[in-house]
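Please read the structure below before turning to the comments.
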Amino acid sequence: MIRKRTTLTASERKQRAILALFGVVLLGAALGIGMLLWQYPGIPTKWAGMLGMFFQTADGLFPLFVEASGSALLFLLLLYLVGFSAVGQPFAMFLLGCYGICMGGAFQIQCSSGHVLLRSIALLFYFVPLSVLMVVGTRESIRFSRLFSVYSFRDEWADNMTHRFRMYCVRFLVLVGFLLLLALLYSVGFYAGHLSLVRW
């Protein structure tokens, strides 16, 4: 008789954790869109432009780069700092949800003025890879927060914790590097594509 496996392997647990984090992003995006669709008049909507109002800032490469990198860097920095808290895991999830809400708001505002399909595709080229970076950053923050909670109850700072701290910093530096590269490539591509559409 063959016994059914009731426990998940380490790779399966990682995959489910990643899918759950992407689910938080999508749930936040849906919430952000809904907040703008059913909001009361007079409620501030500046939060919806945190992650970049590209179609309103298409007059130069540097402003586009700032739009693409500014608030995203802030989210990564906050995720990095939350990892040093022994109770930082729910806060990391909260930050990821806030990112999703801002992303949904950015979609809603920029696509509500027309050309929904074209604008959605253009924004997805930025938000899909950015969401991957945010999910990876959240996962690293949660991991280090768990380690920090374990070692915070010990009297001595273990040698392997020092190594993990260095690796934690290196991983976030790599994420920042990828983010800046994404912002640069997207701002150049968006600017070139916008110029071509205007001329056409």
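Treat the numbers as computed from the prediction; the structure is a model and nothing was measured.
Atom-to-atom distance recorded for Leu179:CG and Phe75:CZ is 12.0 Å, nearest 0.5 angstrom. Separation of atoms CD1 (Ile101) and CE (Met103) is listed at 10.5 Å; rounding is to 0.5 Å. From Met93, atom CE reaches atom OG1 of Thr138 across 8.0 Å, with rounding to the nearest 0.5 Å. With rounding to the nearest 0.5 angstrom, the CG atom of Leu74 is 9.0 Å from the CG atom of Leu95. To the nearest 0.5 Å, atoms CE (Met134) and CG (Leu79) are separated by 7.0 Å. Rounding to the nearest 0.5 angstrom, the gap separating the CG atom in Leu78 from the CG atom in Leu96 is 12.5 Å.
Of all the heavy atoms in Lys14 and Arg143, the pair that sits closest is CE-NH2, 3.9 Å. Listed here is the closest heavy atom pair of Tyr191 and Leu61: CB-CD2, 3.5 Å. The two residues Glu140 and Arg171 come nearest to each other via the heavy atoms OE1-CD, 3.2 Å. Nearest heavy atoms, Cys111 versus Leu123: SG-CD1, 4.0 Å. When every heavy atom of Pro90 is checked against every heavy atom of Val87, the shortest pair comes out as CD-O, 3.4 Å.
Looking at Phe127 and Leu51, their side chains come closer than 4.5 Å, going by heavy atoms from C-beta outward.
Of the possible donor and acceptor atoms, none in the side chain of Ser85 sits under 3.5 Å from a partner among the backbone N and O of Val82. Here the side chain of Tyr126 pairs a donor or acceptor atom with the backbone of Ala68 at under 3.5 angstrom. Using a distance-only test at 3.5 Å, with no hydrogens or angles considered, no donor-acceptor pair links the side chain of Gln89 to the main chain of Ile142. With hydrogens and angles ignored, the 3.5 Å screen pairs no side-chain donor or acceptor of Arg139 with any backbone N or O of Ile18. Panel note: side chain Ser145, backbone Ser141; no donor-acceptor pair is recorded below 3.5 Å.
Centroid-to-centroid, the aromatic rings of Phe190 and Phe55 come within less than 6.0 Å.
Between the side chains of Tyr99 and Ser131, at least one donor N or O lies within less than 3.5 Å of an accepting N or O.
The residue from Phe65, Tyr186, Phe125, Phe107 that alone fulfils the ring pair (Phe, Tyr, Trp, His ring centres under 6.0 Å) condition with Phe54 is Tyr186.
Phe165 and Phe144 have tilted rings, their planes meeting at an angle from 30° to 60° on a 0 to 90° scale.
Both Val188 and Leu130 belong to a common hydrophobic cluster when Ile, Leu, Val, Met, Phe, Trp and Tyr are linked at side-chain heavy-atom distances under 4.5 angstrom. Cluster membership check: Tyr168 shares its hydrophobic cluster with Leu147, using side-chain heavy-atom separations under 4.5 Å among Ile, Leu, Val, Met, Phe, Trp and Tyr. When the side chains of ILVMFWY residues are joined at heavy-atom separations under 4.5 Å, either directly or via intervening members, Leu173 and Leu182 end up in two distinct hydrophobic clusters. Val176 and Leu185 fall into different hydrophobic clusters, where Ile, Leu, Val, Met, Phe, Trp and Tyr residues are linked whenever their side-chain heavy atoms come under 4.5 Å apart, directly or through other members. By the rule that hydrophobic residues join a cluster once side-chain heavy atoms approach within less than 4.5 Å of another member, Leu133 and Val24 end up as members of one cluster.
Within 6.0 Å of CZ in Phe22 there are more than 12 heavy atoms belonging to other residues, nucleotides or ligands.
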Residue pair Leu180, Leu73: steps toward the side chain to side chain contact (heavy atoms under 4.5 Å, CB included) verdict: CA-CA 9 Å; Leu180 294 176; Leu73 282 173; 4.0 Å; yes
